[in-house]
Amino acid sequence: MSPGKVLQPVLKMKVDELFLCWLSQPATQLALKDCLRRIKNEEKTEISSGDSGNGKNERFANKNSSSKQCTVGDTRLPLTFSPQLSITLPLATPASPRNISNVRATRRSSGTRVVQTKKEETLPPSLSQNIPTFYFPRGCPKEKVNIDAVITKIERTFSEFPNERATIEDMGKVAKACECPLYWKGPLFYCAGGERTGYVSVHKFVAMWRKIIQTCYDDAAKFVHLLMNPGCNYLVQEDFIPFLQDVVNSHPGLSFLKEASEFHSRYITTVIQRIFYTVNRSWSGKITCNELRKSNFLQNVALLEEEADINQLTEYFSYEHFYVIYCKFWELDTDHDLYIDRKDLARHNDHAISNRMIERIFSGAVTRGRKAQKDGKISYADFVWFLISEEDKKTPTSIEYWFRCMDLDGDGALSMYELEYFYEEQCQKLDNMAIEPLPFEDCLCQMLDLVKPQYEGKITLHDLKRCKLTDVFFDTFFNIEKYLDHEQKDQFSMLRDGEGENQEVSDWERYAAEEYDILVAEEAASDQWNDGYEAELSPVDHQKANVLKYQMEKRPFFEMPSHLADVDLDEYDYEEDFE
């Protein structure tokens with residue numbers, strides 16, 4: 001590119017991205033610090049010295065130190081000004097003809113010297129040659145991999161199958177031959193075209209895998225390549241369905257679900273929402289290699305092979321967590337159309353959530369899908385995000401979730417007006433309960449002391465993420481039950497709980513375990529009642545079962561969630577539900 005050509009906006013953004021990536025490298029930071037230190041030392045010891053960059057420039061500077069020039073406007077001036085010249089420059093008085101001729105001569109001579117300087121200076125080698133490659137969107141290449149040995153191992157595995165064709169049941173051995181976790185077998189099978197024919201031939205699979213290992217250098221890049229649609233470099237929610245369906249079909253901890261196929265889609269939808277809730281930190285609805293690389297999702301996928309009890313994988317795959325979420329939704333969804341409206345959600349936890357917050361949830365601040373919003377409803381997928389955020393307000397995603405809801409004007413900060421807006425309804429609820437509310441001014445002082453915002457008069461998302469007691473902050477403004485619980489607790493005990501960052505069980509895991517025990521106990525009590533009065537209750541239970549079965553058959557596959565993850569941090573851009 002010619003020196004005078006201006007970078008196009010898109011190209012400039014990429015160059016800026018690469019520059020920032022290079023600037024963030026540890027080696028770059030050390031080099032810059034060392035250069036700054038040397039520059040400071042030179043300023044202290046050689047104040048009047050000229051350029052000291054390289055030996056050739058130093059020799060040239062020493063030879064021409066008396067005639068070194070700089071350009072100001074159209075006039076070239078010496079770099080080392082004499083006292084008289086520095087005094088007369090600001091006056092800008094007209095010069096005599098003699099002075100003018102001297103200036104002209106100076107211009108000619110200085111111009112010649114500048115040209116000589118450019119001729120004498122040799123262009124240094126391009127800096128890009130000295131900077132090692134640092135941007136690896138598909139993973140950092142490792143030492144040379146023996147691709148032929150890997151392919152030979154795969155071909156040897158395929159030779160064990162009839163006609164050298166592998167079915168989905170055989171792909172476990174193939175995944176191991178590829179040195180992949182066991183439950184990559186589904187993505188490997190579907191990426192090689194097995195879904196169309198029911199099997200994968202050795203030649204087609206080898207061609208596919210050879211291309212992947214030649215272009216993808218780490219597990220994140222390989223996994224994205226296996227699941228993504230052609231032409232994409234990211235994963236959307238629908239891309240996870242075949243992978244999770246294979247997990248449901250083959251994991252021993254989910255064998256009981258084989259007979260209840262109507263619940264497969266519900267479980268898959270729940271897991272997909274939990275994946276995007278945790279991994280998709282950009283809220284874009286598109287999981288990139290970098291986001292997958294920074295998360296622990298692939299480690300959990302590898303644990304599927306080692307852990308027979310699916311409930312031990314509490315971050316994504318736990319069936320108990322799905323059971324709690326779905327039962328909570330089923331209690332609110334009175335007409336069982338798999339959507340709930342404002343009145344349904346208001347009944348959650350005995351009307352603990354304020355109406356103003358419920359209005360914000362339905363406003364589109366944290367939900368997706370124009371169809372559901374037009375009807376004033378949210379889907380089951382939206383409810384997954386709501387319930388996890390409601391029960392654990394300390395995670396980055398939950399903090400962002402509630403911050404979006406409270407940021408009424410979308411300016412990226414919570415003003416005192418916005419805090420007062422939500423606190424007013426809390427005061428009304430306390431008055432109805434015959435409890436004297438704390439004046440807003442006093443409550444505000446407590447919250448500011450709790451959060452310690454960086455800027456006066458507003459609370460930013462960064463302030464809340466630094467705070468250890470974000471659950472106390474949020475509950476104060478829109479959850480009356482939890483607010484009263486916090487008020488009854490000892491302040492020092494809350495601080496100890498908030499500072500216990502290394503606690504093994506999160507608030508969500510604790511809530512899910514408690515609720516699951518309650519649900520199991522209620523079901524056991526119901527079974528005992530049914531055993532005692534089987535003749536009377538059996539028809540009723542049978543009718544309920546028929547209604548549930550009808551609802552499941554009415555919608556054979558639970559609509560993929562309105563893309564809840566497609567929320568932009570700055571703008572709310574809605575997309576249609578996946579039908």
- Spell out, as yes or no, whether a donor-acceptor pair under 3.5 Å connects the side chain of Asp463 to the backbone of Val451. no
- Got Tyr190 and Leu227 here, is their nearest side-chain heavy-atom distance under 4.5 Å? no
- Message: Quick check for you: to the nearest 0.5 Å, what is the distance between Leu448 atom CG and Lys452 atom NZ?
- Response: 10.5 Å
- Query: Under 4.5 Å between any side-chain heavy atoms of Met447 and Leu419, yes or no?
  - Reply: no
- Query: Is any side-chain heavy atom of Leu464 closer than 4.5 Å to a side-chain heavy atom of Trp402?
  - Reply: no
- Do you know the tightest heavy-atom contact between Arg466 and Gln454? NH2-N, 4.0 Å
- Message: Tell me whether Glu390 is salt-bridged to Lys482, with the criterion being a basic N under 4.0 Å from an acidic carboxylate O.
- Response: yes
- Message: Let's go through Phe473 and Ile459 carefully: what are the C-alpha distance in whole Å and the side-chain angles of both, what is the deciding distance for side chain to side chain contact (heavy atoms under 4.5 Å, CB included) to 0.1 Å, and is it a yes or a no?
- Response: CA-CA 11 Å; Phe473 175 83; Ile459 297 175; 3.7 Å; yes
Per-pair distances, 0.1 Å, donor-acceptor, side chain in residues 511-523, under 3.5 Å, sequence neighbours excluded:
unit_1 : atom_1 : unit_2 : atom_2 : d
Glu515 : OE1    : Lys328 : NZ     : 3.0
Glu523 : OE1    : Tyr323 : OH     : 3.2

- Look up atom CD1 in Ile310 and atom OH in Tyr319, then write down how far apart they are to the nearest 0.5 Å. 12.0 Å
- Message: If you apply the rule ring pair (Phe, Tyr, Trp, His ring centres under 6.0 Å), what do you find for Phe263 with Phe322, and how did you get there?
- Response: CA-CA 10 Å; Phe263 284 101; Phe322 155 71; 7.0 Å; no
- Item | Residues forming a side-chain hydrogen bond (donor to acceptor under 3.5 Å, both in side chains) with Tyr267, sequence neighbours excluded | none
- Test side chain to side chain donor-acceptor pair (under 3.5 Å), reference Thr270, set Tyr316, Tyr326, Tyr380, output is Tyr380
- Take Glu315 and Asn296 through the test side chain to side chain donor-acceptor pair (under 3.5 Å) and record every step on the way to the result. CA-CA 9 Å; Glu315 294 191 63; Asn296 63 349; 2.8 Å; yes
- Message: Salt bridge or not between Arg281 and Glu400? Use side-chain N to carboxylate O under 4.0 Å.
- Response: yes
- Query: Under the 3.5 angstrom rule, does the side chain of Asn432 hit a backbone N or O of Gln428 as a donor-acceptor pair?
  - Reply: yes
- Task: Measure across Ala413 and Glu418 and return the closest heavy-atom pair with its distance rounded to 0.1 Å.
- Result: O-OE1, 3.2 Å
- Task: Check whether any side-chain heavy atom of Tyr277 lies under 4.5 Å from a side-chain heavy atom of Ser389, and answer yes or no.
- Result: yes
- Message: Test your reading of the model: is there a side-chain donor-acceptor pair from Thr470 to the backbone of Cys467, 3.5 Å cut-off?
- Response: no
- Give the C-alpha distance, both sets of side-chain angles, the deciding distance and a yes or no for side chain to side chain contact (heavy atoms under 4.5 Å, CB included) between Ile358 and Phe478. CA-CA 9 Å; Ile358 289 176; Phe478 56 80; over 6 Å; no
- Enclosure of Tyr417 OH (heavy-atom neighbours >12, cutoff 6.0 Å): no
- Taking atom CD of Glu195 as the centre, report whether more than 12 heavy atoms of other residues, nucleotides or ligands fall under 6.0 Å from it. no
- Please tell me if the side chains of Pro437 and Asp431 come closer than 4.5 Å, counting only heavy atoms from C-beta onward. yes
- Message: Would you call the rings of Tyr423 and Phe477 parallel, tilted or perpendicular, taking 30° and 60° as the class edges?
- Response: perpendicular
- Message: Counting neighbours of NZ on Lys465 that are heavy atoms of other residues, nucleotides or ligands and sit closer than 6.0 Å, is the number greater than 12?
- Response: yes
- Query: Is there a side-chain contact between Thr476 and Cys443 (heavy atoms, below 4.5 Å)?
  - Reply: yes
- Message: Holding to salt bridge (charged side-chain N to carboxylate O under 4.0 Å, His left out), I want the full list of residues that pass it with Asp475, two or more places apart in sequence or in another chain.
- Response: Lys393
- Using ring pair (Phe, Tyr, Trp, His ring centres under 6.0 Å) as the criterion, point out the one residue from Trp184, Phe223, Tyr183 that pairs with Phe243. Phe223
- Query: Gln273 and Val384: which non-hydrogen atoms are nearest, and at how many Å?
  - Reply: CB-CG1, 3.8 Å
- Message: Quick check for you: to the nearest 0.5 Å, what is the distance between Ile275 atom CD1 and Leu244 atom CG?
- Response: 5.0 Å
- Task: Give, for atom CD1 of Ile287 and atom OH of Tyr234, the distance between the pair rounded to the nearest 0.5 Å.
- Result: 12.5 Å
- Determine the minimum heavy-atom distance between His251 and Leu304, stating which atoms define it. NE2-O, 3.1 Å
- Closest non-hydrogen atoms of Asn249 and Lys258, given as atom of the first, atom of the second and distance, are O-CE, 3.2 Å
- Item | Test item: Arg266 and Leu338 side chains (from C-beta on) under 4.5 Å apart, heavy atoms | yes
- Minimum side-chain heavy-atom gap Lys429-Tyr483 below 4.5 Å: no
- Could you please spell out the steps behind the side chain to side chain contact (heavy atoms under 4.5 Å, CB included) verdict for Leu387 and His348? CA-CA 10 Å; Leu387 187 61; His348 174 72; 3.6 Å; yes
- Note on the structure: When Asp341, Asp344, Asp337, Asp382 are each screened for salt bridge (Lys or Arg N to Asp or Glu O under 4.0 Å) with Lys377, the one that passes is Asp337
- Query: Would you call the rings of Trp330 and His336 parallel, tilted or perpendicular if under 30° counts as parallel and over 60° as perpendicular?
  - Reply: parallel
- Closest approach of Asp407 to Arg360 (non-hydrogen atoms, all atoms of both residues): O-NH2, 3.4 Å
- In this structure, CG of Asn349 is separated from CG of Leu332 (nearest 0.5 Å) by 10.0 Å
- Message: Closer than 3.5 angstrom, by distance alone: can the side chain of His264 be matched with the main-chain N or O of Gln245 as a donor-acceptor pair?
- Response: no
- Rounded to the nearest 0.5 Å, the CG atom of Asn233 sits from the OG1 atom of Thr288 at a distance of 8.0 Å
- Message: Can you tell whether the side chains of Glu291 and Lys286 come within less than 4.0 Å, N to carboxylate O?
- Response: no
- Task: Begin with the C-alpha distance, continue with both residues' side-chain angles, and end with the deciding distance and a verdict on side chain to side chain contact (heavy atoms under 4.5 Å, CB included) for Val271 and Ile268.
- Result: CA-CA 5 Å; Val271 176; Ile268 290 174; 5.9 Å; no
